[in-house]
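Computed over heavy atoms, backbone and side chain alike; hydrogens, waters and symmetry mates excluded. Note that this is a predicted model, so its numbers are computed, not measured. Along the sequence shown, the residues carry numbers beginning at 1.
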Amino acid sequence: LNKLRSALIEVVASFPVYRTYITEDNISKKDKEYILWAVRLAKKKSFIEDSSIFDFIQNVLLLEHGKDSTEFYQRQVLNFTMRFQQFTGPVMAKGLEDTAFYRYNPLVSLNEVGADLRYFGCSLNSFHNQNIERVKRWPYSMLNSFTHDSKRSEDVRARINVISEIPNEWEALLGKLNKYNKSKKCEANNTLIPSANDEYLLYQTLIGSWPNEALNEIELEEFINRVENYMLKATREAKEHTSWLNPDEEYEQALLKFTRSVISSLNNQQEFEDFKNFQEKVSWCGAINSLSQSILKLTSPGVPDFYQGSEVWNYSLVDPDNRRKVNFSKNQSIFHQIEPLMSCNRKMDEYERHSIFLELMENYKDSRIKTYIISKTLKFRNLNQEALFNGDYIPLEAKGKYAQNLVSFIRKKDNQLCLVVVPLFVSQITGNNLQNQTNQNILGETLWEDTKIILPEDFTENYLLNFLSGEMIDCRNNREIEVYNIFKHLPFAILTNSF
C-alpha cells in the first residue's frame, strides 16, 4: 500500500496537463500520450524497487487492467480512473498556478491561468494558425482576456508585456531602484528582507498597476493597501519565506514596510523622476497593446467575453483585488461621453475627425478611448455577424520597414468582408521619444514610411470604410494598402465593404 501511494504521488506530480478526459467509450490519442508521459517520468524519478507498480497504474488509467475480469471489477477500474482525473486538476492548479506562478518571476504577465511558462508568448504565424484551426473546430468558443480568476487584469499584463520590448531600459531602471531602495530593507539573520525575487515582483507589479491619475492621500493609502495585500498573498502562495499554514511574521512585516516605503517615495515624482518617465512610456505603449488586444479579441474566431468593469482601464491584481465593486455609474458616464461618436464619425471632415481622435488618444488615461474602441467594435460585430461568426480567416502579410509590427487578417463570408489591422510592439516604433506620448507618435507617413498591407490576389474591393474612424480607404493601388493611410486618425483599423 505504501509503495502504491508513493507511486501514485509520483505519477500525479509528473502530469504534464491538468487532467485527461477518458471515458468508458473513448480514450483519445492525446490522453494516452499524457498518461504514458507521466508514468514514464514518474518511473524515472522514483526510488521504488519494483517498478512494475507503475505499469499496473498505467494499465488502470488506460482501462486496460481487468479486461478479462468481471463487469463489477471493470467498473471499479473505470471509477478509479474517473476519480483520478478529477484529482489531478486541483493538484496541478495548486502546484503550478498557486505556487510556481508566484516563484518564477522573469516576466509575470506570462504567469496567467492556463499558461505554460515554457513558452514566452507565440509568433505571429502561430497566432494566425491557431485562429485558422479555431474557425474549423471551435468557432463559437469563448475568448477571454480577463476573468474573476485572473492573476492580473488584461491592462496590467499589457503594460508588463512592454518590459519585454525594452529590456535594456528596464535593466537600467532596476539598477537604480535596487540601489535607491536598499536602505528601506530590513535585516534578519544576516539576510535582507524582502528577497531579491520578491523585490523584483513588487517592481513589476507597480509598473503594471500604477494608477493613471495623480493620487491624493486617501487614494495613495488605498493603493498601498491593495499592493500590500497582493504582496502578502503572493509570498504566502510562493511558500518560500512564509506561507498560509506557517506564516513568518517577521518576514511579512518587513515586506509590508518595504512595500509601503517604496510606493510612498515613488509617488513623490520629484524624488524619483526615472520611475515616472519609464512608467509613462510603459503606460502609453501598454494602452496601445491593450486596445489592439481588445480589437483582436472582438474580431478573431470565437465569442468575446468582457469581465465586468473592463470596458474602462482596469489595473486589478489577483483576487480579491479583481473582485472589488465596479463603479458602473462612472463607466456609464464615460460611455455617454463617447456615444455621439458611435454613429456620426462618417459625417466629419478630415480636420474635425483628426482633432477629435487625437484628443481621445492624448487623454487616453481617462478611459474614453477604450470604451469607444470596444463599443464601436461590438457594434461592428452586430452588423457583420456572418463574417465574424461563420467567416473564413485569411492572414495577411505586410512589407516595408515595420512589416513585423503589424497584425492583419481578413474575415469573410459571402459578401461580408472585414479587414483588421493593429500595431504590434509599439515601443519599437515610438523609440525613445517619451515626451508627449500621443498617437502622433504612431501615426502618419513620416513614421510608417513604406510599410504596406498586401491584399490577396482575388481581392476585388476598390474602397473600404474604416469603421473605427469613419474615413474611406482607397484599395486600388496594386493590391496594397499603405499603413499610414489607414492610421491617419487612429492607430487601429477595421475596414469593411459595408457602407
CG-CG distance between Asn144 and Asp149, expressed to the nearest 0.5 angstrom: 11.0 Å

Check this for me, if you would: do Asp98 and Lys151 make a salt bridge, where the nitrogen-to-carboxylate-oxygen distance has to be below 4.0 angstrom? yes

Lys412 side-chain N/O to Ala387 backbone N/O, donor-acceptor pair under 3.5 Å: no

Rounded to the nearest 0.5 angstrom, the CD-CD distance for Glu165 and Gln428 is 6.0 Å

Check the pair Lys45, Ser14 against side chain to side chain donor-acceptor pair (under 3.5 Å), reporting the backbone distance first and the verdict last. CA-CA 9 Å; Lys45 293 189 299 181; Ser14 300; 3.2 Å; yes

Would you kindly say whether Asn111 and Ser109 are connected by a side-chain donor-acceptor distance under 3.5 Å? no

How are the rings of Tyr200 and Trp170 set to each other: parallel, tilted or perpendicular (split at 30° and 60°)? tilted

Using only atom types and a distance under 3.5 Å, with no angle test, would you say the side chain of Asn462 pairs donor to acceptor with the backbone of Cys475? no

Rounding to 0.5 Å, atoms CG (Asp450) and OH (Tyr484) come to a distance of 10.5 Å

Any heavy-atom pair between the side chains of Met361 and Pro491 that's under 4.5 Å? yes

Would you sort out whether Ile166 and Lys281 count as a side chain to side chain contact (heavy atoms under 4.5 Å, CB included), showing the intermediate values? CA-CA 10 Å; Ile166 49 176; Lys281 179 175 184 176; 4.1 Å; yes

Candidate list Ser141, Pro139, Ser300, test side-chain contact (heavy atoms from CB on, under 4.5 Å), partner Arg134, passing option: Ser141

Can Arg381 and Leu298 be said to form a side chain to side chain contact (heavy atoms under 4.5 Å, CB included), step by step? CA-CA 8 Å; Arg381 283 185 65 87; Leu298 283 157; 3.7 Å; yes

Does any part of the side chain of Thr299, heavy atoms only, come nearer than 4.5 Å to the side chain of Thr377, both counted from C-beta? yes

What is the ring orientation for Phe389 with Tyr140, classed by angle as parallel under 30°, tilted 30 to 60°, or perpendicular over 60°? tilted

Once you measure the plane-to-plane angle for Tyr307 and His148, does it fall in the parallel (<30°), tilted (30-60°) or perpendicular (>60°) bin? tilted

Shortest non-hydrogen contact from Gly309 toward Asn314: O-ND2, 4.0 Å

Do NZ/NE/NH1/NH2 and the carboxylate oxygens of Lys488 and Glu482 come within less than 4.0 Å? no

Quick one: does Asn289's side chain have a donor or acceptor within less than 3.5 Å of a partner on Ala158's backbone? yes

Donor-acceptor under 3.5 Å (Ser355 side chain, Tyr351 main chain): yes

Any sub-3.5 Å donor-acceptor pair from Asn322's side-chain atoms to Val318's backbone N or O? no

So Phe499 and Phe467, do their side chains get closer than 4.5 Å, heavy atoms only? no

Before accepting this row, confirm whether a basic side-chain N of the pair Lys43/Glu10 lies closer than 4.0 Å to the acidic partner's carboxylate O. no

Which atoms form the tightest heavy-atom contact between Arg19 and Gln85, and what is the distance? CB-O, 3.4 Å

Before giving the answer on ring pair (Phe, Tyr, Trp, His ring centres under 6.0 Å), spell out for Phe357 and Tyr372 the whole-Å C-alpha distance, their side-chain angles and the decisive distance to 0.1 Å. CA-CA 10 Å; Phe357 288 117; Tyr372 174 76; 5.7 Å; yes

From CG (Leu464) to CD1 (Ile481), nearest 0.5 Å: 6.0 Å

Under 6.0 Å from the CG atom of Asp349, do we count more than 12 heavy atoms belonging to anything else shown? yes

So, Ser469 versus Asn466: side-chain donor-acceptor pair below 3.5 Å or not? yes

For Val407 and Leu296, which heavy atoms make the closest approach, and how far apart are they? CG1-CD2, 4.0 Å

Okay, side chain of Arg411, backbone of Asn390: is any donor-acceptor separation there less than 3.5 Å? no

For Ala238, is there any backbone N or O sitting under 3.5 Å from a side-chain donor or acceptor partner on Arg103? yes

Answer yes or no: does atom CD of Glu461 have more than 12 heavy-atom neighbours from other residues, nucleotides or ligands under 6.0 Å? yes

Plane angle bin for Trp448 and Phe487 - parallel if under 30°, tilted between 30 and 60°, otherwise perpendicular: perpendicular

To the nearest 0.5 Å, how far apart are OG in Ser28 and CG in Asp31? 3.0 Å

How close do Gly114 and Tyr18 get, counting heavy atoms only, and between which atoms? N-OH, 4.1 Å

Between Gln204 (side chain only) and Asn105 (backbone N and O only), is there a donor and an acceptor less than 3.5 Å apart? yes

Under 6.0 Å from the six-membered ring centre of Phe306 and within 45° of its axis: does the NZ or CZ of Lys297 meet both? yes

Note: Leu201 and Ala234 closest approach over all heavy atoms is CD2-CB, 3.7 Å

Does NZ or CZ of Arg152 come closer than 6.0 Å to the centre of the six-membered ring of Tyr315, within 45° of the ring's axis? no

Would you indicate whether the side-chain heavy atoms of Leu78 and Leu63 approach each other to under 4.5 Å? yes

Where does the angle between the aromatic ring planes of Tyr102 and Tyr230 fall among parallel (under 30°), tilted (30 to 60°) and perpendicular (over 60°)? tilted

Between Trp37 and Phe15 (judged by ring centroids, cut-off 6.0 Å), do the two rings come close enough to count as a pair? no

Worked check of side chain to side chain contact (heavy atoms under 4.5 Å, CB included) between Phe101 and Val108: CA-CA 8 Å; Phe101 278 12; Val108 294; over 6 Å; no

Do Arg83 and Phe87 form a cation-pi contact, if we require the NZ or CZ to be under 6.0 Å from the six-membered ring centre and within 45 degrees of the ring's axis? no

According to the interplanar angle, ranging from 0 to 90°, do the rings of Trp313 and Tyr364 count as parallel (below 30°), tilted (30 to 60°) or perpendicular (above 60°)? perpendicular

Shortest non-hydrogen contact from Gln404 toward Phe425: O-CD1, 4.2 Å

With Val312 via side chain to side chain contact (heavy atoms under 4.5 Å, CB included) - residues at least two apart: Asn331, Ile334, Ser367, Thr371

Any salt bridge linking Arg157 with Glu112? Criterion: basic side-chain nitrogen under 4.0 Å from a carboxylate oxygen. yes

Side chains of Val156 and Ser153: does their closest heavy-atom pair fall under 4.5 Å? yes

Should the heavy atoms of other residues, nucleotides or ligands under 6.0 Å from NZ of Lys233 be counted, would the total exceed 12? yes

Got a donor-acceptor contact below 3.5 angstrom from the His65 side chain to the Val77 backbone? no

Is the closest side-chain heavy-atom distance between Ile410 and Pro456 below 4.5 Å? yes

Could you tell me if the side chain of Glu350 sits less than 4.5 Å from the side chain of Glu471, heavy atoms only? yes

Distance from Asp55 atom CG to Asn59 atom CG, nearest 0.5 Å? 6.5 Å

Does the side chain of Phe409 come within less than 4.5 Å of Leu419's, by heavy atoms? no

Between the main-chain N or O of Gln416 and the side-chain N or O of Asp414, is there a donor-acceptor pair closer than 3.5 Å? no

So does Lys30 have more than 12 non-hydrogen atoms from other groups sitting under 6.0 Å from NZ? no

